[in-house]
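Okay, structure first, notes after.
Quick note on labels: first sequence line is chain A, next is B, and so on, each numbered from 1.
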Amino acid sequence: MAVTEQQQQAFIGKHLAEAQVAVELQDEDMVLNIGPQHPATHGTLRVVVKLDGERVVAADPVIGYMHRGYEKLTEYRSYPQVTTLINRIDWLSSFANEVPFIHAGEQIMGIEAPPRAVYIRTVLTELSRIATFLLFLGEMGAQVGAITPVFYGFRDREYVLNLIEAATGGRFHPNFNRIGGLKDDVPAGWIAETRRMMDKVFESCDTFENLLEGNEIFLARTKGIGIIPGDVGKGYGVSGSNLRASGVDWDLRRDAPYLAYPEVDFKVWTHPGGDSWSRYWVRLQETREAARIVVDLLDRLPSGPVMAKVPRIIKVPPGESWVRVENPLGEMGYYVVSKGATGPFRVKIRSASFSNVSILPWLLKGVYVPDLITILASLYFILGDIDR
Amino acid sequence: MPLQIKTPGLIKGLGVTLRHLFKPAVTVQYPHEREDPPQRARGVIALKEENCTVCMLCARECPDWCIYIEGHKVKAPPRRAGGKPRTVSALDRFDIDYALCMYCGICVEVCPFDALFWTPEYEYSEPNIADLLHDKGKLGAWMETVPEPQPLEVGAEGPSKWR
Amino acid sequence: MTAAASTLALEIPWGVLLGAKVMIILTLLPLTALILGYVFLMKMMAHMQSRLGPMDPGGFHGWFQLIGDGIKFIQKEDVMPADADRRVFALAPMIILISTFVVYAVIPAGPRLVVEDLEVGIFFALAVSSLSVIGVLMAGWASSNKFALLGALRAAGQLIAYELPLVLAVVGVIMQAGTMSLQGIVGAQANGEIFGWGAVGNPFVLTQAVGFVLFLAAAQAELTQTPFDMPVAESELVAGYQVEYTGFRWLFFQMSEYATAFALAGIAATLFLGGWYVPGVEGTAADVLGPLVLFAKIMAISFVIFWVRFTYPRFREDQLQAMAWKYLIPLSLLNILVTGILKVVF
Amino acid sequence: MPDDDLTDAEEPAAAEEPAAADEPAAEEPAILPEHVGMLAKLQADLGDALVEAVSNHGDLVVRVRNDAWHAAALAARSRLDCEYLSFISGIDWTSRPDPPNWDPDAPSSPVQPKEVTYGAAGSDGRFQVFAVVESTDDKIQVILKTDVDEADPHVASWTDVYPGADWHERECWEMFGVRFDGHPSLRHIYLPGEFEGHPLRKDFPLLSREVKPWPGLVDVEAMPGGAGEEAGDETAEAVAEGGE
C-alpha cells in the first residue's frame, strides 16, 4: 500500500516535530522531503516542501546537517590553524575564503602584504572563482537534466585546480595565505602555464554557451523561473552573482576595493532579469571576466618579496575588524575580534550561501518541483558555506 | 513558454557533443597510467628521523593534534673531543594519523630542524582506517620521494622556502 | 533477425514452435539491450563527455562491463520497502518487460525472418508498447514512496500524451503503404518509386519526413529519454518510479528501457527507412543480409535517440504536455491531411 | 554638531575601561570625516539612544541602547538607505575557562587573556548583538551594536525591517541564547531541536579539546637510570627549551 493518511500523520508527528519544521499540513497536501540526501541539493540541504500536486505551497529549508561549528572551533585555535579550517567553508573556492580572514588579521596588526603577494592573491582568488563557476556552469545543466555539461565542467575546472595545486600544493585547501603575505612565491613557469589555461577557460565558456546557455529547452526551463527582485534580494542579504543577476550593480571588488582590484579594469556584469537564466548568464560572463583579470594581472605582476616582516609567533593585538570580500558565491566576511592572544577571541563568519539560501521560503512559493530544482541550482550554494 | 523546435540553440548543442565524440578523452586510466602531481603537491609527510629533536613543536601546532611523539633522553658522545658527553632526545615514537590529518602543512612549516618534508606521493590509501596511522619507519621511507625545491617564477625574491 | 520461417514451420508442432519463438526473443531482448547499453550508454556517452567509459572488464574497451553488471544485479539481495505492496511491486518490472517482449514479435528482419507477421502488425506493436504505462504506474504506486508516486504519475501523463502523436505519425505511413502489416510496409517501400525511379525503392523518410521526425520525438518521450525523462528525472525525483528497486528487478527496468529503445528504433527503421530491404537482394540472401541491414539502420536511429538524450536538458512536465498537445498532435494531424490529399491527387 | 554628544558618551566608556586605551580606535580619530554625515543622520533619528560611535578600521561602529535596536534598523534603512542586511550575530565578551589540559605558557596555545575587555564602541555587559547593514547604492556600511542583558538576554527582532534577519536571528538565538522579540518562529537552525545549551557562549566547553590531552603536556621522558647524572645543566635546559 502506498502512504496512507495515518502513516503520513504519524510521519509528520514523528519527524517534523523533531526537526521543528514550520510546515502545516492541510487536506490533499503532501509533504515531500527534498534532501538531506538528494542529488539536487549537492550536499545535505533539506527542503521540506508542502506540495499540492507538483506545486509547492510552502517550503522550509532545514540546514545544519553539515554544521561543523567553525565559529566555536576558531576560538580554540591559533591564527595559522584557523586558516586551515576556514578554507573548508566553501570548499570550491577555498583560496578566496582565506583572504578576508587574513586581511582582518593584517588590518588589526597594521601589516600590509607586499605588492607581489597581493597580486598573486588576486590571481589565485580569480582562479578559484573560475574553478567555482566552471563547475556551476556544468552543474546547472545536470540539475535541469542535461548529463553532459557537468562533465565538461569538471574537466575544465581541473585545468584551474592544477594551477592552484602547482602554486599552493593543495587542490582544494591551499592554506597558502599567511598573515603578512604568502607561504611562498609561485614556481617557475607557472605564469606561462596559467596564460595557456586561460585560453582553455575562454574556450570552455564558448562550449557552455553553445551547449546550454542558448538551448531552447534550457531557456524554457530557466527563463522567468525563480525571479528575485533586487529589493527583496537585498533585504535577504542575497549577494554576489545572484544579486547582480537581479540588476543590482554591486560588486565589492569595485565598490569596496581590496587586493589588487583597484588596479584592474574590469566590467561588473549585471542582468535585469533576476531569474535563473540571468544568474547563469551573469556567472558565464563573470567567468570570462575573471580569466581576463587573471591575464591582465599576470602581465603586470610586480617583482619582490611575497612576505612582509612579521613575528614568528603571530599575536594579533586587541582590536576588531570586519572584512568582507566578493567571493565567487557572494559577499563573504569575517568579523574578527582579537584580545591579543595567538588565536582570535571571536570570529563571526558571514558566508554568502547562508544568506543566499535564506530567501528560499520566499522564493519557492508556488513553483513546481522541477523549478525548485532549477532555483536551487541557480542560486548555487555550497553546503559548507551555509552550515559552516 | 512557447517551445520552438529546430532552432539553432538545439542544433548547436548537438554539434558540441558530436565534436567531442571525435576528440580524445581526458581520462587517465589510473592504475595503468598515473598522473604526476606537481612537485608542491601535499601528498604525504616524510620524516627525516635524524633531524628530529623531539621538540614537540609540530605536535602542538597541528590543528588536529594528529601527531603523536614520544621520546627519551640518551647520552651522546661529546661534540668536541674531550668535551662532556651531551644529553640528547631520542625519538621513540613519531606517528601521524592520516585519518585525522588535514594536510595543512603547518607541522612541516614550523619544524625548526628540517625534519619534516612534503612529498607528492599519494598512493597510501588503506582499507583499514587504523592503518592510516603511519609510524616513524613508514614516514621515514617517504624520504626517498621528497623532490628538490622548485625554482621560483621570474621576479620572485630569494630561494624557495618550500619544503 | 529471428529465424522462424513460416514456410518451414508447417511441420513443427504448435507448442514447440511457440517455445522456440519465445526462446529466441528471450535471448534477443537482453542481447539488444546489452548492445545499446554498451555502445551508446557506455561508450558514446563517455566519448561525448571527454571520457573513456569502462575500459578494463573483458580486456577490449570494457565490453564485459554490462554483462558483469548484470551478473552482479542477479546476485544482489532482493530489497523491498517495508510498506510496499509486495505483489504489485514484484509484478511491475515483469509487465514492463513483457510489453517490450511482445513488440519484438512483429518486427521483420528479412522476407521470412519474423516471429509473427500480423496483418495489423504496426497497430499491434504500438498497442502493446503502451502497456508499459501500467507497469510504471504499478511500480510507482507499490513502492510506497512519494518520489516514486510522483514519477509514476508523471510517466502516466506523459506516456498517454505521447501515445497519440506516435500513432498519428504512423498513420501517414500506413496510408501511403496501404497496409498495416510491417512486412507489407517494407514491401511498399521496396517497390516504391521516387518520381518514377525505383532503383532503391522509396524509403518513407523521404515522403514522410514530418512523420519521421514526429515519430522520433514521440518515441523519445515514450522511452522517457531526455529531454522527456521527467518520470525518472534523477535530479528532481531521484529515480522516479524506479527509486525503490534494486538488483534484478531494477535490471528489468534498465533492460526493458534499452530493449524498448531498440524495438522502437526497429519500428522506425521499418516504417521510414525501408526495414530489412536491400536493393537487388532477394530470397535467402535477403534473409541473411536483411538482419544486418536492419541492425545498421536501428543503430543509426538509436544513435540519434541517444545523441539527443546526452545533449539536451529536460523539459518540465507541463511544457511536455503543452508540446504534445499544442504542437505534435496538430502537426501530425496536418501530416495525415496532407498525406491524404497527396494520396488522392497522385 | 551631533559629534558633541558622542564625545561625551565616549569619554566615560574610555575612562571605565583602561584596556580600551590599547585599541586602535583610541589612536585613530574617533570618527572619520566620511562617517560624520552618516552618523549625523543616525543621530537625528535615534537621539540619545545612540550610546557610542567610533570609526574602526574604516567602518562606522555605532552602539545603540537595547530598546532602540529596532529603531536603529529603521534609521539605517531609511536615512542611510542601507537596504542590504549583511548579518546579525552576537558576541560573548567574558573570558573563557580554558580547558584543564591546556598549557597557558606554551607559546602556541591560544589561551585568551582572563580580564574582560570590550571591543570597538564598548559594551556594558556580557552579551552584545551586532549587525552589519550596507547600502548598495551609496556603497557604505554601518556596524550596529547593542548590549543585551545577561540575566534576560533579549532584543527586538529585525525581521519586519529586513526579511533576511530571520535566519540570522535564529542562529544568534541558538548560539547565544539571545531572544529576539517579535521573531515569527525562533527555533533551532543548525542544531537538532532537542539540543540544550548555547554553544557560542564562552562557558560552553569544546569537548574535542578537553578529552584529548594537550600534545605539549606529554614531554620527553627522563633518561632511564639516573637522569642528568653527567649531563650538564645547559644541555638539559636546551632540551627543555626545545620541549616547551
Side-chain angles (χ1 to χ4, degrees), chain A residues 1-4 7-8 11 30-35 37-42 49 51 53-55 138-156 158 204 207 210-213 215-222 225 280 367-374 376-377, chain C residues 41 44-51 81-89 137-138 140-154 157 224-230 232-240 243 306-320 322-323:
Chain A
M1 288 295 282
V3 187
T4 64
Q7 282 168 334
Q8 201 172 27
F11 173 82
M30 176 167 95
V31 168
L32 187 69
N33 271 293
I34 310 239
Q37 293 178 338
H38 188 277
T41 56
H42 30 182
V49 289
L51 293 181
E54 281 216 31
R55 189 183 283 273
E139 170 84 29
M140 176 90 177
Q143 301 299 346
V144 296
I147 356 176
T148 302
V150 72
F151 288 95
Y152 297 162
F154 273 114
R155 178 195 65 189
D156 298 340
E158 205 71 357
S204 169
T207 306
N210 288 332
L211 184 62
L212 209 58
E213 190 245 8
N215 188 305
E216 278 75 10
I217 303 176
F218 184 73
L219 287 172
R221 281 298 305 279
T222 53
I225 301 300
Y280 190 86
V367 303
Y368 290 107
V369 171
D371 295 341
L372 185 152
I373 308 300
T374 312
L376 285 182
Chain C
L41 184 76
M44 186 182 98
M45 175 162 93
H47 283 281
M48 278 185 169
Q49 295 167 347
S50 283
R51 301 184 290 123
D83 293 338
D85 191 335
R86 302 183 75 87
R87 264 179 306 170
V88 180
F89 187 85
L137 262 177
M138 283 165 66
W141 177 255
S143 293
S144 169
N145 180 311
K146 291 171 186 174
F147 286 108
L149 187 61
L150 276 179
L153 289 176
R154 281 180 179 194
T224 64
Q225 305 273 26
T226 330
F228 309 109
D229 65 339
M230 292 73 107
V232 289
E234 80 290 334
S235 63
E236 295 160 21
L237 300 182
V238 192
V243 71
F306 285 96
W307 183 19
V308 166
R309 169 178 172 173
F310 299 141
T311 305
Y312 288 163
R314 157 189 330 123
F315 277 114
R316 212 170 50 210
E317 194 62 35
D318 59 322
Q319 290 167 342
L320 165 128
M323 186 165 146

- Task: Take A:L51 and C:L150, measure what side chain to side chain contact (heavy atoms under 4.5 Å, CB included) needs, and give me the verdict at the end.
- Result: CA-CA 11 Å; A:L51 293 181; C:L150 276 179; 4.1 Å; yes
Under a 4.5 Å heavy-atom cut-off, does chain C meet the side chain of [X], its backbone, both or neither?
| X | value |
| --- | --- |
| A:L212 | side chain |
| A:R221 | both |
| A:Y152 | side chain |

- Main-chain N/O of C:F310 paired with A:T148 side-chain donor or acceptor, under 3.5 Å: yes
- Message: Counting heavy-atom pairs under 4.5 Å with chain C, which one of A:L372, A:D371, A:L376, A:V150 comes out on top?
- Response: A:D371
- Task: Name the option with the most non-hydrogen atom pairs under 4.5 Å to chain C; the candidates are A:G141, A:P370, A:A142, A:P149.
- Result: A:P370
- Item | Least distance between heavy atoms, C:S143 atom then C:A148 atom | CB-CB, 3.7 Å
- Between A:G145 and C:R314, what is the shortest heavy-atom contact and its length? CA-NH2, 3.3 Å
- Message: Just so I understand: if I count every heavy-atom pair under 4.5 Å between each of C:M48, C:M45, C:R51, C:E317 and chain A, which residue has the most?
- Response: C:R51
- A:H38 vs C:F147 aromatic rings, parallel, tilted or perpendicular, using cut-offs 30° and 60°? tilted
